[in-house]
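Counting begins at 1 with the first residue of the sequence.
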Amino acid sequence: MHLAILETRELRWPDEAACERFAQDLARAPGLMNASIELHGSLGAGKTTLVRHLLRALGVQGRIKSPSYAVMESYELAEHGGSGVVSHFDFYRFGDPREWEDAGFREIFTSPGLKLSEWPEKAAGMLPVPDLALHLTIADDDSRQLRLEARTPLGQSLMAALSGGAAA
């Protein structure tokens, strides 16, 4: 587990519309296109839903596939001058963190672009320190609790750019 947490924030999303507003807000944050964001949470917590809303807010058109079987889906964003690349990872099916290295992901994580990693604990010890770690949990009323953890100065600037969403 990554130890350094520079800043945290707690949010509550009463519904999916709040998740979508958060994604739109995050999409406008300066520096996002070179960030690494980890998404933690149980099955059904909303990790993929958040990624889909974020990709839509960044201008991705057409079908947005979950990378559950392919492990990674990549998107080239025309709105970012053709140089904006988003790599969406889902490490759920990893049985051994070394699969990350064997798949050649080190090069992707050292290249420019936004990296979104679901189930990062399945690649424990292989992933670089994320700029932001997002922890989603399902509340008893089906709302979502979100804990944001800035792990780098870029993560802090991303958090500072967020308007806040619904408070916890």
[atom1]/[X] to [atom2]/[Y] distance, rounded to the nearest 0.5 angstrom?
| X | Y | atom1 | atom2 | value |
| --- | --- | --- | --- | --- |
| Leu58 | Leu26 | CG | CG | 8.0 Å |
| Leu116 | Leu134 | CG | CG | 9.0 Å |
| Glu16 | Arg21 | CD | CZ | 11.0 Å |
| Gln61 | Tyr75 | CD | OH | 12.5 Å |
| Arg9 | Gln156 | CZ | CD | 11.0 Å |
| Met126 | Phe105 | CE | CZ | 11.5 Å |

Practice problem: Take Arg151 and Ile5, measure what side-chain contact (heavy atoms from CB on, under 4.5 Å) needs, and give me the verdict at the end. | Solution: CA-CA 5 Å; Arg151 302 284 178 90; Ile5 299 173; 3.4 Å; yes
Is any side-chain heavy atom of [Y] closer than 4.5 Å to one of [X]?
| X | Y | result |
| --- | --- | --- |
| Ile37 | Ser117 | no |
| Ser157 | Leu154 | yes |
| Thr48 | Glu118 | yes |

Practice problem: For the residue pair Phe22 and Trp13, categorise the inter-ring angle as parallel (less than 30°), tilted (30 to 60°) or perpendicular (more than 60°). | Solution: tilted
Which heavy atom of [X] sits nearest a heavy atom of [Y], and at what distance?
| X | Y | answer |
| --- | --- | --- |
| Leu32 | Ala27 | CD2-CA, 3.7 Å |
| His53 | Cys19 | CD2-SG, 3.9 Å |
| Ala29 | Leu158 | CB-CD2, 3.7 Å |

Quiz item: According to a 4.5 Å side-chain heavy-atom criterion applied to Ile, Leu, Val, Met, Phe, Trp and Tyr, with indirect links allowed, do Met33 and Val60 form part of one hydrophobic cluster?
Solution: yes
Looking at [Y], is its backbone amide N or carbonyl O close enough to the side chain of [X] to form a donor-acceptor pair, meaning the two atoms are under 3.5 Å apart?
| X | Y | answer |
| --- | --- | --- |
| Lys47 | Leu136 | no |
| Ser143 | Ala139 | no |
| Asp25 | Arg28 | no |
| Lys115 | Gly113 | yes |

Quiz item: Which is it for Val85 and Ser74 under the side-chain contact (heavy atoms from CB on, under 4.5 Å) test, yes or no, and what are the steps along the way?
Solution: CA-CA 7 Å; Val85 176; Ser74 192; 3.6 Å; yes
Exercise. Assert yes or no for the condition that the ring centre distance of Trp119 to Tyr92 is strictly below 6.0 Å.
Key: yes
Self-check item: Pairing of Arg12 and Asp141 as salt bridge, 4.0 angstrom limit
Solution: yes
Quiz item: Which of these passes side chain to side chain contact (heavy atoms under 4.5 Å, CB included) with Thr137: His40, Arg147, Arg144, Gln145?
Solution: Gln145
Quiz item: Is the closest side-chain donor-acceptor distance between Glu149 and His135 under 3.5 Å?
Solution: yes
Exercise. Under the side-chain contact (heavy atoms from CB on, under 4.5 Å) rule, what do Leu77 and Leu55 come out as? Steps first, then yes or no, please.
Key: CA-CA 9 Å; Leu77 304 179; Leu55 290 170; 5.5 Å; no
Practice problem: Kindly determine whether Asp131 and Thr152 satisfy side chain to side chain donor-acceptor pair (under 3.5 Å), including the steps that lead there. | Solution: CA-CA 5 Å; Asp131 298 296; Thr152 68; 2.6 Å; yes
Quiz item: Could you walk me through whether Leu127 and Phe89 pass the side-chain contact (heavy atoms from CB on, under 4.5 Å) check?
Solution: CA-CA 11 Å; Leu127 296 175; Phe89 299 89; over 6 Å; no
